[in-house]
Amino acid sequence: GIQVEQSPPDLILQEGANSTLRCNFSDSVNNLQWFHQNPWGQLINLFYIPSGTKQNGRLSATTVATERYSLLYISSSQTTDSGVYFCAVDRDDKIIFGKGTRLHILP
Amino acid sequence: NAGVTQTPKFQVLKTGQSMTLQCAQDMNHEYMSWYRQDPGMGLRLIHYSVGAGITDQGEVPNGYNVSRSTTEDFPLRLLSAAPSQTSVYFCASTYQPQHFGDGTRLSIL
């Protein structure tokens, strides 16, 4: 089946720093999503981005489907950005998740 | 509009017991799915359904059964619980984008 790899696995940053999270996938996909799991365990959809670039406030995402990767950018990090970030790809009606990047923002 | 509702939120079972995790959505979504989340493993797809009467296996289906008799409900059944099924279970609906329930934390002793 399709493989989804996220990097880095862990990231510790000072408040105000910028970060880039990467998601690589092993085969062509229909769609790609980014999620944030907050410290309470809730999964929040950030972006639905099969290709191109989208921005939402301090967050933006870019997917280059032909090269099988997606990037999530977080600018001016805040402590509320802490948690785990997942990418998930959709192929043949199956949505497969990567193992996530755990982000910890220090005040 | 409740979105995706999972019950119960917490459950402790003994090995060999059976139980059903409930999932309901009120958004009239055709696609629903179940995941389990274990430390360091991300979310792994157990079963999914593209509509009432249609279900299929995901990455880790063994030990779990599902059915989809209505659009709204997609229950997950553990017929004989095993300690390896201790996990947090998430139900989700649709996929463009996905909406998740708040999860069920299940412990098997």
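Naming convention: chains lettered A, B, ... in sequence-line order (proteins, then strands); numbering from 1 in each chain. Keep in mind the model is a prediction, meaning the values are calculated, not measured.
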Looking at A:Glu5, I'd like to know if its CD atom is crowded, meaning that more than 12 non-hydrogen atoms belonging to other residues, nucleotides or ligands lie closer than 6.0 Å.
no
Would you say CZ of A:Arg91 has more than 12 non-hydrogen atoms from neighbouring residues, nucleotides or ligands within 6.0 angstrom?
yes
If hydrophobic clusters are built from ILVMFWY residues whose side chains come within less than 4.5 Å, do [X] and [Y] share one?
{"X": "B:Leu78", "Y": "B:Leu43", "value": "no"}
{"X": "A:Ile95", "Y": "A:Val84", "value": "yes"}
{"X": "A:Ile96", "Y": "A:Leu46", "value": "yes"}
{"X": "B:Tyr89", "Y": "B:Phe100", "value": "no"}
{"X": "A:Leu11", "Y": "A:Tyr85", "value": "yes"}

Contacts under 3.5 angstrom, residues 56-63 of chain B side chains, donor-acceptor by atom type, not counting sequence neighbours:
residue: B:Asp56; atom: OD2; partner: B:Tyr48; partner atom: OH; Å: 3.4
residue: B:Glu59; atom: OE1; partner: B:Leu45; partner atom: N; Å: 2.9

For chain B, which residues from residues 100-107 of chain A lie under 4.5 Å away (heavy-atom distances)?
none
Is [X] close to chain B through its backbone or its side chain, or both, or neither, when contacts mean heavy atoms under 4.5 Å?
{"X": "A:Asp93", "result": "both"}
{"X": "A:Phe47", "result": "neither"}
{"X": "A:Asp10", "result": "neither"}

Return the minimal non-hydrogen interatomic distance between B:Pro97 and A:Tyr48, and the atom names on each side.
CB-CB, 4.2 Å
Does any part of the side chain of A:Gln37, heavy atoms only, come nearer than 4.5 Å to the side chain of B:Phe90, both counted from C-beta?
yes
Taking a cut-off of under 4.5 angstrom between non-hydrogen atoms, the residues of residues 28-41 of chain B near chain A are B:Tyr31, B:Tyr35, B:Gln37, B:Gly40, B:Met41
Spacing of CD1 belonging to A:Ile44 relative to NE2 belonging to B:His99, to within rounding of 0.5 Å
10.5 Å
Can you list, pair by pair, the side-chain donor-acceptor contacts under 3.5 Å of residues 10-24 of chain B, counting residues two or more places apart and other chains?
residue: B:Thr15; atom: OG1; partner: B:Leu109; partner atom: O; Å: 2.6
residue: B:Gln17; atom: OE1; partner: B:Lys14; partner atom: N; Å: 2.7

